Each structure stands twice: as C-alpha cells, then as structure tokens.
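Below is one structure, written out as structure tokens; comments come after it.
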Amino acid sequence: VPLRLPPLRERTEDVAPLVAHFLTQGREDGLPVKSFAPDAIKTLKGWHWPGNVRELENLVLRLAVLHDETIIAADAVEAELMADVPKKARAVIIGGGITGAGISLDASSRGISTLLIEKSDFSSGTSSRSTKLIHGGLRYLENYEFKLVRESLKEREIVYKIAKHISRPIPFIIPHTDKIRPAWLIKFGLFLYDNLGGKTNIPKSKTFDLNKKFPNILKEKYKTGFQYFDIQIDDKKLTKLNAQDAKKNKAKILEYNKVKKAEIINNEWVISLQNRKKIKSKVLINASGPWINETLHKNIKIKSKNKIRLVKGSHIITKKLYKEDVAFTFQNTDKRIIFVIPYKKHFSLIGTTEVEVKSPENNGISNQEIQYLIKSVNNYLKKQISKKDIVDTYSGIRPLIEDFKEASKVTRDYVFDLHIVKKLPLLNIYGGKLTTYRKLSEKVLIDLKKFLPKTKKGPWTDKKRLF
C-alpha cells in the first residue's frame with residue numbers, strides 16, 4: 001500500500017504514530033491501530049523516525065521479529081471476545097500460559113466443556129519469555145532430579161514429534177574448563193542424558209577438538225568440547241497452537257479479562273469477571289503461573305501453605321555473534337550455565353540469569369544482570385560484546401517450589417495442590433516447565449477424574465500433531 005506520511009520532526013515520540021499508521025494500512029480488517037503491546041512500546045521509545053518509508057518498513061519488521069509479532073495491543077476487542085462465552089462450563093481454567101492452554105486442549109478434546117480465561121494475551125507472561133528450548137534439563141542432574149530429567153527427556157521426544165513445524169534439534173557445545181567441572185563428570189552427565197529418556201531420534205553426545213571444529217569462535221584456551229542436542233522451539237506459538245486446537249475442540253477461550261472473584265454458590269463455582277459477567281463451573285483450575293498465590297489469596301479467598309519463590313530469568317538479544325548454526329553452553333564459576341543460541345536467523349539469544357524477586361510484575365532486566373551475561377559470554381568468545389551490541393532484552397518470572405536456599409537449586413518439577421471446598425475441587429498448579437506441559441495436562445485430568453464426566457477417550461496428546 002502506498003504510504004503518505006505526514007512530515008514529522010526527528011523526535012523519539014514521533015515513531016509510534018508512524019508505525020501505527022503503517023500497520024493500520026496493512027491490516028486486512030481495516031481496523032486502526034491505536035496502541036501497542038508493552039514490550040513493543042519499550043522498543044519504540046528507543047527509536048527515531050528514520051526519514052523514509054523503506055526504512056520505516058524495516059523497523060516494523062524488526063519490531064515483529066523482536067517481539068514474536070506481538071506488536072498491537074488489544075483495542076476494542078472485549079465485545080468480540082465475550083460474544084461466545086458460555087454461562088456454564090464443566091471446568092474453568094485461570095491462566096493462558098502453556099499450562100492452561102495444554103489442559104484446555106486435553107480436556108476439551110475428551111468432550112469436557114472447558115473455559116480458559118487469560119487476563120492479557122495468551123502466552124504474554126512466562127511462557128513466551130523462556131530460553132525457547134524443549135530440553136531434559138542437563139544441569140538438573142547435579143541436583144539429583146533424575147525423575148524430572150527422565151520425564152523431560154521423554155517429553156522432549158514427544159513435543160518435537162507433535163510440533164515439528166515450530167521446532168528443530170540444535171547442537172549445544174560445552175567448552176571444557178577444569179576449574180569448574182572435571183571432564184569425567186561432564187561425560188558421565190551426558191551419558192545419563194543420552195540414555196535416561198529411553199529410545200530417541202535425537203543425536204547422541206560426543207567429544208571433539210574445539211580448535212579444529214570451531215577455530216574462529218572460542219578463545220584458544222578452550223580445547224575440548226562436549227556436544228549434545230536439545231530442541232529449539234517457538235514457545236509463544238506452542239502456547240497459541242494449544243489454545244487454537246482447544247478452540248477447535250469446542251473449548252471457549254477468553255483473553256483480556258481478569259477473574260475478579262471465585263466463590264461457591266448453590267453447589268457451583270461462580271467466577272466473576274472484570275466486565276461483571278459471571279460463569280458457573282463444577283471444577284476450578286488455578287494455572288496462573290507466578291500469580292498463583294495472588295489469585296488464590298485475593299480472588300478465591302483461600303490461604304495456601306505452599307510457598308513459592310519467584311525467580312526472574314533474563315535474556316539479552318544481540319546481533320548474530322557467529323555464522324555457525326550451533327549453540328553454546330558456557331559454565332560459570334558460580335556453577336551456573338549460560339546459553340548462547342542462534343535466534344531468528346539474524347540474532348543471538350543469551351541467557352539466562354536467576355534472580356529472586358518479590359513480585360511477578362518485577363520482570364525487567366537489571367544492569368547487574370546485563371553485565372553478568374556479557375561477562376559470561378566474554379569469558380569464552382573471541383569476539384567480545386558490550387551493551388551497545390544489545391538490540392533487545394526480556395525477562396520472565398518463574399514460580400518455583402520452595403525447597404532450597406539457592407534459586408538455582410529450587411526444584412523445576414510441579415506440584416498439584418487439590419483443595420476440596422464444599423465438595424467442589426480447586427486445583428492449584430505450582431511450578432512446571434515448558435517441556436513437560438503436555439504430561440502435566442494429562443496428570444491434571446487423572447487427578448480430577450472423579451469430578452469430571454466419564455469419557456471414552458483416554459490420553460491422546462502424545463500422538464496428534466498440533467496445527
């Protein structure tokens with residue numbers, strides 16, 4: 001579409017209306033773009049009007065790449081969203097992350113009437129702010145979490161099978177350094193990683209000479225490399241595919257609406273939404289991620305004895321640091337590991353940190369985290385990076401089950417907390433990982449079996465591809 005843009009001075013605040021104008025003309029529905037998603041606003045604030053339409057188009061494309069195409073905020077969509085919301089559902093799920101979307105898909109496909117409620121956009125929280133990996137959790141072996149690693153490796157195989165169109169195996173290289181972990185320990189860990197999950201189509205680990213294999217990436221002092229494979233995935237699309245497939249199975253989906261209150265009236269859960277609509281249900285599932293206890297205490301008015309720790313994982317995105325299509329697992333002296341992963345063809349994704357926070361809203365990267373990631377990378381790469389190489393950042397808050405003093409040792413496994421309130425079930429889901437979302441969803445339906453209608457269909461999500 002030919003663009004006729006008004007002449008504007010070179011000011012930071014002028015970019016947003018220009019981008020809005022550009023996007024409006026390109027929308028098939030013809031609706032005007034009035035506002036942007038919060039992350040997109042943050043990026044726009046750092047940009048200036050480039051001076052011509054071609055460069056403006058490049059900025060818009062870059063904006064889409066950096067924010068997984070989540071640019072436009074929800075404007076005047078409430079009426080459309082609410083038009084199809086039922087007055088009753090057998091199961092109501094609070095939280096539109098990967099956990100809620102996965103449960104919604106599994107339940108609805110078995111003929112259980114399901115409503116999924118999300119206060120924002122699906123996968124707008126932690127589920128779209130991960131390291132974009134489906135993995136077994138190699139470093140969890142050090143915490144002796146063998147059961148979690150085994151289940152995760154099995155799920156890695158399944159998720160890759162059902163979501164091949166948004167995922168791919170990618171090699172990870174661990175440069176060896178005697179100062180942190182001995183070679184025998186890494187080899188033993190990789191042996192377990194290769195075999196704990198059983199039969200796999202993903203390549204096994206191996207050892208090679210780094211100077212011969214990647215002579216121009218790492219500093220020369222790193223001579224031995226250990227290679228293993230994991231799955232890179234589009235985490236946001238994975239969540240949305242689950243939600244979309246649930247909708248195809250007659251689940252009702254409600255975005256951009258908060259649950260204000262949930263109470264039992266006349267032997268039914270009555271869920272009150274922010275737009276004053278009420279929905280009745282026999283089963284209530286709290287899958288609100290880092291907001292789980294806030295939802296439980298403030299909206300459902302039930303006190304929980306379960307303690308969680310909110311741990312922020314931050315990432316930085318830089319221009320592509322090397323040409324080779326390989327990721328690196330860098331060991332730090334604090335025993336943590338940092339990934340450097342090829343990202344969206346033109347970028348490198350670096351992360352993650354682990355910083356305990358008090359609120360789920362505290363999801364911005366700190367300067368200390370930025371310096372930590374930069375230092376970690378510069379300890380290994382020949383090409384040194386600085387803050388000026390960063391094109392974007394993001395942080396996600398993970399709700400981890402209170403168990404250990406150190407954030408890196410808090411368990412990544414999940415726990416179900418089932419409350420029976422006046423004979424009606426309330427299931428709170430603590431913890432969880434992107435990798436094991438599908439298995440978690442299956443277990444939810446097993447635990448709630450006596451409260452749900454009998455269905456002929458059993459577990460099935462390990463066989464059917466997501467569309």
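Everything numeric here is computed off the predicted structure, so don't read it as measured data.
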- Carefully, step by step, assess N367 and K387 under the rule side chain to side chain donor-acceptor pair (under 3.5 Å). CA-CA 10 Å; N367 187 61; K387 283 183 75 172; 2.9 Å; yes
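- Distance check: N428 CG to N293 CG gives 8.0 Å after rounding to the nearest 0.5 Å.
- With sequence neighbours excluded, the residues that form a side chain to side chain donor-acceptor pair (under 3.5 Å) with K443 are E151, Y414.
- In terms of the salt bridge (charged side-chain N to carboxylate O under 4.0 Å, His left out) criterion, residue partners of R168 (sequence neighbours excluded) are, by chain and number, D325.
- Judged by distance alone, the side chain of W269 and the main-chain N or O of A91 form no donor-acceptor pair under 3.5 Å.
- For the atom pair OG of S108 and CG of N249, the computed distance is 4.5 Å after rounding to the nearest 0.5 Å.
- Remark: R465 CZ to H165 NE2 distance equals 5.0 Å, nearest 0.5 Å.
- Side-chain atoms of L138 and I337, non-hydrogen and from C-beta on, never get closer than 4.5 Å to each other.
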- Task: Go through the steps to decide whether N267 and K422 satisfy the test side chain to side chain contact (heavy atoms under 4.5 Å, CB included), and finish with yes or no.
- Result: CA-CA 7 Å; N267 198 35; K422 297 180 182 178; 6.0 Å; no
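- The backbone N or O of K258 sits less than 3.5 Å from a side-chain atom of Q274, completing a donor-acceptor pair.
- Side chains of D106 and E442 form a contact here, defined as non-hydrogen atoms less than 4.5 Å apart.
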- Starting from the C-alpha separation in whole Å, work towards a yes-or-no answer on salt bridge (Lys or Arg N to Asp or Glu O under 4.0 Å) for R139 and E354. CA-CA 14 Å; R139 69 188 177 92; E354 286 187 326; 2.9 Å; yes
- Evaluate side chain to side chain donor-acceptor pair (under 3.5 Å) for S376 paired with N332, printing each intermediate quantity in order. CA-CA 7 Å; S376 299; N332 287 339; 3.1 Å; yes
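- Under the 4.0 Å criterion applied to side-chain N and carboxylate O atoms, E142 and K335 are not assigned as salt-bridge partners.
- Here the side chains of L296 and L426 are in contact, with some heavy-atom distance below 4.5 Å.
- Residue E361 qualifies as enclosed at atom CD: its count of foreign heavy atoms under 6.0 Å is above 12.
- Checked by atom type and distance alone, the side chain of R129 never pairs as donor or acceptor with a backbone atom of H315 at under 3.5 Å.
- Scanning for side chain to side chain donor-acceptor pair (under 3.5 Å) contacts around N379 gives an empty result, with sequence neighbours left out.
- Looking at heavy atoms from C-beta onward, P342 lies in side-chain contact with I170 at the 4.5 angstrom threshold.
- The line from CD1 of I233 to CD1 of I134 is 4.5 Å long, rounded to the nearest 0.5 Å.
- In H297, the NE2 atom is crowded: over 12 heavy atoms of neighbouring residues, nucleotides or ligands sit closer than 6.0 Å.
- Put simply, the side chain of T295 reaches to within 4.5 Å of the side chain of I300, judged on heavy atoms.
- Of the charged side-chain nitrogens involved, none lies within less than 4.0 Å of a carboxylate oxygen, so that E294 and K119 do not count as a salt-bridged pair.
- Taking the six-membered ring for Trp and thresholds of 30 and 60 degrees, F172 and Y228 have nearly parallel ring planes, at less than 30 degrees apart.
- T435 places no side-chain N or O within 3.5 Å of a backbone atom of R156 that could act as its donor or acceptor partner.
- Residues L148 and K433 have side chains in contact (heavy-atom distance under 4.5 Å, counting atoms from C-beta outward).
- Below 30°, between 30° and 60°, or above 60°: for F339 and H135 the angle between ring planes is above 60°, a perpendicular geometry.
- The existence of a salt bridge linking E369 and K312 is confirmed by a sub-4.0 Å separation between a basic side-chain nitrogen and an acidic carboxylate oxygen.
- None of K260, K261, K278 except one satisfies the side chain to side chain donor-acceptor pair (under 3.5 Å) rule with S272; the exception is K278.
- Tested against Y437, the residues T461, N242, T99 include a single side chain to side chain donor-acceptor pair (under 3.5 Å) partner, N242.
- Atom NZ of K250 has 12 or fewer heavy atoms from other residues, nucleotides or ligands within 6.0 Å.
- Taking every heavy atom of both residues into account, S127 and G97 meet most closely at OG-CA, 3.5 Å.
- Contact annotation: the side chain of I429 approaches that of F416 to within less than 4.5 Å [non-hydrogen atoms, C-beta and beyond].
- Looking at N143, its side chain never comes within 3.5 Å of a backbone N or O of Y140 through a donor-acceptor pair.
- Residue K464 places its NZ atom among 12 or fewer non-hydrogen atoms of other residues, nucleotides or ligands, all under 6.0 Å distant.
- Looking at D334 and Y372, their side chains come closer than 4.5 Å, going by heavy atoms from C-beta outward.
- The CD1 atom of I316 lies 4.5 Å from the CD1 atom of I385; values are rounded to the nearest 0.5 Å.
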- Task: Just do the ring pair (Phe, Tyr, Trp, His ring centres under 6.0 Å) check on Y160 and F229 with the steps written out, would you?
- Result: CA-CA 12 Å; Y160 177 51; F229 279 77; over 10 Å; no
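- The side chain to side chain contact (heavy atoms under 4.5 Å, CB included) with H419 is formed by just one residue from the set L424, L427, I302; it is I302.
- In this structure, CG on N286 lies 11.0 Å from CD1 on I93, to the nearest 0.5 angstrom.
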- Item | Steps toward side chain to side chain contact (heavy atoms under 4.5 Å, CB included) verdict (T353, S395) | CA-CA 9 Å; T353 60; S395 305; over 6 Å; no
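- Across R438, K439, K161, R150, a single residue satisfies salt bridge (Lys or Arg N to Asp or Glu O under 4.0 Å) together with E155, and that is R438.
- The salt bridge (charged side-chain N to carboxylate O under 4.0 Å, His left out) search around R90 returns none, not counting sequence neighbours.
- In this structure, N266 has no side chain to side chain donor-acceptor pair (under 3.5 Å) partners at least two apart in sequence or on a different chain.
- In this structure, E268 contributes its side chain and V270 its backbone to no donor-acceptor pair below 3.5 Å.
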- Item | Worked check of side chain to side chain contact (heavy atoms under 4.5 Å, CB included) between I271 and L115 | CA-CA 11 Å; I271 297 98; L115 172 64; over 6 Å; no
- Given side chain to side chain contact (heavy atoms under 4.5 Å, CB included), test I350 with L321 step by step and report yes or no. CA-CA 10 Å; I350 301 168; L321 298 178; 4.0 Å; yes
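- Taking S130 as the reference, D235 meet the side chain to side chain donor-acceptor pair (under 3.5 Å) condition, with sequence neighbours excluded.
- Salt bridge absent: E263 and K301 never bring a charged side-chain N and a carboxylate O closer than 4.0 Å.
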- Task: Could you please spell out the steps behind the salt bridge (Lys or Arg N to Asp or Glu O under 4.0 Å) verdict for K154 and E157?
- Result: CA-CA 5 Å; K154 285 180 174 292; E157 199 77 18; over 6 Å; no
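- In this structure a side-chain-to-backbone donor-acceptor pair under 3.5 Å is missing from Y430 to I308.
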